[in-house]
Amino acid sequence: MSQETLREVKPMKKSLLAVLALPLILSMTIFSMAALASPAIQDHQPTGALSQKSLDRILKEVRHELVMLPFYGVFDNLAYKVDPDGTVILLGQVSRPTLKSDAENAVKHIEGVEKVVNNIEVLPTSPNDDRIRRAAYRAIYSNSVLSQYQLRAVPPIHIIVKNGNITLEGVVARQMEKQIAGMQANGVHGVFSVTNNLVVEEQEKKDDKKK
């Protein structure tokens, strides 16, 4: 069975989905949002496969490189996975084309990376989407409950807008904060739909204890 690790980049703590689970150097998130548990070590590695130690190192270095990208921000969502053969697959959505190429260039020179598959989507240029991004940012981060997150270098609630539709990605501490972020986004004029994919750390910790 092939071993893959999917990680999402967002600035916060370890998240829970299966995406970035390493602590962030900037104490935020390339988040580790959508991040989740590291893959279990298999007894028998396929021929040519990297060791678990090498995979863990690559995962950590890829995350570091992505979170340090100078133009990575609240309107972008980066995720990745690493295959046992050293292939890094980049995923997510970005608001500017240069960020897609910057992400690939940042990780392809990491020791042990044999190949980079860049599946990052560049969001279409749209004045209306730009307006929605600004309005959603104000609505979410001006809220008294959520304003604390605005102080981070890369705020943990990422606002992805495409053709008038909003998707929220990232990590928040409590379920209530996730609900408030969704309501604030839904209140933005001209938005067609809101998909709330925010990960709740509180729930993640409860799930970890059950395991």
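All values derive from a computational prediction rather than experimental measurement.
Taking every heavy atom of both residues into account, Ala136 and Val188 meet most closely at CA-CG2, 3.7 Å. Between Val82 and Val88, the shortest heavy-atom distance links the atoms CG2-CG2, 4.1 Å. For Asp83 against Leu55, the heavy-atom pair with the smallest separation is O-CD2, 3.7 Å. In this structure, Leu168 and Ala185 approach most closely via the heavy-atom pair CD1-CB, 4.3 Å. The heavy-atom pair separating Ile132 from Gly190 by the smallest distance is CD1-O, 3.9 Å. The minimum heavy-atom distance between Ile160 and Glu169, with the atom names listed, is CG1-CG, 4.3 Å.
By the 4.5 Å heavy-atom criterion applied to side chains, Val62 and Ile110 are counted as neighbours. Inter-residue side-chain proximity for Leu50 and Pro84 is flagged as unmet; no heavy-atom pair is nearer than 4.5 Å. Taking the side chain as every heavy atom from C-beta outward, Leu78 and Ile120 approach each other to under 4.5 Å. A heavy-atom distance below 4.5 Å is not found between the side chains of Asn165 and Thr167.
Both Val122 and Val116 are assigned to one and the same hydrophobic cluster, defined by single-linkage of ILVMFWY side chains at heavy-atom distances under 4.5 Å. Linking Ile, Leu, Val, Met, Phe, Trp and Tyr whenever their side-chain heavy atoms come within less than 4.5 Å leaves Leu123 and Val74 in two separate clusters. Both Leu198 and Met176 sit in one connected hydrophobic cluster of ILVMFWY residues. Membership requires side-chain heavy atoms under 4.5 Å apart, directly or through other members. Transitive grouping of hydrophobic side chains (ILVMFWY, heavy atoms separated by less than 4.5 Å) brings Val161 and Met183 into a common cluster. Linking ILVMFWY side-chain heavy atoms closer than 4.5 Å, directly or via other members, places Leu59 and Leu90 in a single hydrophobic cluster.
How far NZ of Lys100 is from CG of Asn105: 12.0 Å, rounded to the nearest 0.5 Å. Atom CD in Gln184 sits 10.0 Å away from atom CD1 in Ile157 (nearest 0.5 Å). Taking CG from Asp102 and CD from Glu65, the interatomic distance works out to 11.5 Å, rounded to the nearest 0.5 Å. With values rounded to the nearest 0.5 angstrom, Glu114 atom CD is found 8.0 Å from Asp85 atom CG. The CG atom of Leu66 sits 12.0 Å away from atom CD of Glu61, with the distance rounded to the nearest 0.5 Å. Taking CD1 from Ile58 and CG from Asp56, the interatomic distance works out to 9.5 Å, rounded to the nearest 0.5 Å.
Under the 3.5 Å distance criterion, with hydrogens and angles disregarded, a donor-acceptor pair is assigned to the side chains of Ser51 and Ser54. Inspection of the Glu177 and Gln148 side chains reveals an N or O donor paired with an N or O acceptor under 3.5 Å. Side chains of Ser126 and Asn128: a donor-acceptor N/O pair is absent below 3.5 angstrom, by distance only.
In this structure Tyr141 satisfies the ring pair (Phe, Tyr, Trp, His ring centres under 6.0 Å) test together with Tyr137, sequence neighbours excluded. Judged as a side-chain contact (heavy atoms from CB on, under 4.5 Å), and not counting sequence neighbours, the contacts of Pro124 are Lys162, Asn163. Listed by chain and residue number, nothing satisfies the salt bridge (Lys or Arg N to Asp or Glu O under 4.0 Å) test with Arg96 (two or more places apart in sequence, or in another chain).
Across Ile159, Asp130, Val94, a single residue satisfies side chain to side chain contact (heavy atoms under 4.5 Å, CB included) together with Phe75, and that is Ile159.
Checked by atom type and distance alone, the side chain of Arg57 pairs as donor or acceptor with a backbone atom of Glu111 at under 3.5 Å. Formation of a donor-acceptor pair under 3.5 Å by the Asn196 side chain with backbone atoms of Lys178 is found in this model. One N or O on the side chain of Asp76 and one on the backbone of Ser95 form a donor-acceptor pair closer than 3.5 Å. Lys81 contributes no side-chain N or O that, together with a main-chain N or O of Ile89, makes up a donor-acceptor pair within less than 3.5 Å.
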Could you walk me through whether Tyr80 and Leu91 satisfy the side chain to side chain contact (heavy atoms under 4.5 Å, CB included) test, starting with their C-alpha distance in whole Å, then the side-chain angles of each, then the deciding distance to 0.1 Å, before giving a yes or no? CA-CA 5 Å; Tyr80 66 89; Leu91 307 162; over 6 Å; no
